[in-house]
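Per chain, numbering begins at 1; letters A, B, ... match sequence-line order.
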Amino acid sequence: MFYDGNVSAERKEEKKQSKYAIDVENLRVRYETSSEVVMAVNGIDLQLKRGVTLGIVGETGAGKTTSMLSLMNLIETPPGVVEADHIYVNGTDVQRLSAAELCRIRGNEIAMIFQDPMTSLNPVMKVGEQISESIMLHGRVSKKDAMERAARMLEIVGISPSRASEYPHQFSGGMRQRVGIAIALACKPEILIADEPTTALDVTIQAQVLKLMKQLKTEYGTSMILITHDLGVVARMCDEVAVMYAGRIVEQGTLKQIFNETLHPYTEGLFNSLPNIHNRVASLKPIPGLMPDPANLPQGCAFAKRCPYAAQACYAEQPARKTYEDGHSVWCTAYRDAEFHIKRKG
Amino acid sequence: MAKYITKRILMIIPIVIFVSFVVYCVMDLVPGDPARTALGDEATEEQLEIYREDHGLNEPIVVRYAHYIGGLLHGDMGKSIYNNEDVWQLYFSKLPYTLLLAVASVILTVITSIPLGILAAVKRNEWVDTGASALSFIGLAMPNFWIGLLLIILFSVHLGWLPSSGAGAGWKSLILPMITCGTGNMAALTRTTRSAMLDVLRQDYLRTARAKGLNEHLVIIRHAFKNAQIPIVTMIGTQCATLVGGALITERVFAWPGIGSYLVDSILKSDYEVVTGFVIMTAVVVSLILLLVDIIYAFMDPRIKAEYARS
């Protein structure tokens, strides 16, 4: 059904050597405008093991999308400024690639499903063409073959192949999202980034799309990063989870660790703010306050102001990473005290 | 689609009636005596009166207009009262010159402005953009006749490369009028292209295109420009429509024998038959061009095509 893209021997060697599908160290992204500097991502480390699905959770504006776009070098500069010690994708530092080399990786080795299906498809191009475009580009196949493959991709995502000659406006939101998935998967990428793939969809379609993605993942062994703010989606899809807040990762671990052995007060807050199905009359417990303005971040822990456990030290310095033996990491100053634990724990 | 086009063509009929009525009324108010125009300065008052009686000039304007429309329905656009030539034939003897000038100047506009506008949008705030903006403002600020005169002074008077008037020297005659009517249009189309492209360059689907691995060239041409075409085609259509009506000033400056200069002459001579006929024909041609633009939209944007099919 699929084919291998054109990969040089050198690239293959690099890929083989890399343990991680994605390995990012100290990624910082800021947007510089004439009036302010928005600190969108403030030093995150991220490793994605092959074949694993990593969920990135956090509220709007936490820097999830920005950090993922920088993996594909898709941040517009200016106004964006991307800095990192390294951003390895399949063993290659994308920061050092030329424009042409970058084009060979994008869509071929790493692909992305975008958040808003209503705006992420080209309105004046047939969906079949939009899918076949990357197949033609990376596979060097004829237009006819590419269109046939595009039609099959549509079939895979549950859309009748005969609709390949239709335009995006002729599809519903859910179908457009599936077209977006077909585009991303067209060249069978080894790494897939899905940016809130279900946020714009209604619940029944959500379930369909998630099922589809899971199916494709198991079939092709794709490594995946799933951005979402829906903990239900995370529980269903992910092996590992990273929680982001104000441009930093605050807690990272396996799905089980994050859900059952929550360490960070912010993660606790996220769980507490979920509706409780067993007690339907209980009011929701939202986290008080708002995320700080990324153009004006505090000196210390960005969550301190909203944190029920905040101490003096939290306001003064950035929390350091604390990693437990089981690999569960938390960035919280309170854990200097070995006795500290949050209320939800257990 | 066919239904839409038929409907639009039928809509030209009320436009023609309205335009002809307005022109008829206006020509009636313009000072000047058609009888005097026809018969010359030596004609006596009696001769003038006979002429007026013969041509129905003494009738109330509504009656005269009714006669005119009656003739029009039979394909008779009347005759020039100045030299008795058939207005229909006169129009089509002038049209080729106007069309030649219009087409040449639109081609010049399109091949210069669109690439420049795209470049300005892509290299926003860089020197190309600033330069294109500066040129556009100069182009928009300079009146046509003045550009024409400057070109004549340089290329005809000083350098002697190109003729200063008429259409007798083949392609050489065309160059200066073409540039003269093109300057303002080039400036306007560059601005339109730039802003249409800037609108599109912000769209999410360009990010999708880049994420597929398309190079920047393909992203701009295949994805961005395709979506920016509607305002650009609208602008080109409007410019064509204006030019086909006769580039009055340019044709005058270069004594270009097109519709525009003949129309101005006819107005000055109170040749109301010619004026009315020419204006009606211009209205028809302009309506057809605008219809063509609307049809082109349908081929550029499938959403518009769907809308036409519904209406």
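With a 4.5 angstrom heavy-atom cutoff, B:Ala209 does not touch chain A via any of its atoms. With a threshold of 4.5 angstrom between heavy atoms, A:Leu102 does not approach chain B through any atom at all. With a 4.5 Å cut-off on non-hydrogen atoms, B:Leu201 touches chain A through its backbone but not through its side chain. Only the backbone of A:Leu121 comes within contact range of chain B, with heavy atoms under 4.5 Å apart. Contact of A:Gln115 with chain B is not made at all, since no heavy-atom distance falls under 4.5 Å.
The side-chain heavy atoms of A:Ile22 and A:Val24, taken from C-beta on, include a pair separated by under 4.5 Å. Side-chain atoms of B:Asp294 and B:Tyr308, non-hydrogen and from C-beta on, do get closer than 4.5 Å to each other. Within the 4.5 Å cutoff, the side chain of A:Leu71 has heavy atoms near those of the A:Met68 side chain.
Few gaps surround CD on A:Glu83; more than 12 heavy atoms of other groups in view lie less than 6.0 Å from it.
Residue with the most contacts toward chain A among B:Leu214, B:Asn215, B:Asp301: B:Leu214 (heavy-atom pairs, distance under 4.5 Å). No other option in B:His223, B:Arg210, B:Glu216 has as many heavy-atom pairs under 4.5 Å with chain A as B:His223. Per-residue counts of heavy-atom pairs under 4.5 Å with chain A were compared for B:Arg222, B:Gln203, B:Lys226, B:Gln229; the largest is that of B:Arg222. Between chain B and the options A:Ala99, A:Cys103, A:Ala100, A:Gly180, heavy-atom pairs under 4.5 Å are most frequent for A:Cys103.
A:Asn90 and A:Glu190 share a donor-acceptor pair across their side chains, judged by distance under 3.5 Å alone. No hydrogens or angles considered: nothing links the side chains of B:Ser113 and B:Arg191 as a donor-acceptor pair under 3.5 Å.
How far CG of B:Leu108 is from CE of B:Met186: 4.0 Å, rounded to the nearest 0.5 Å.
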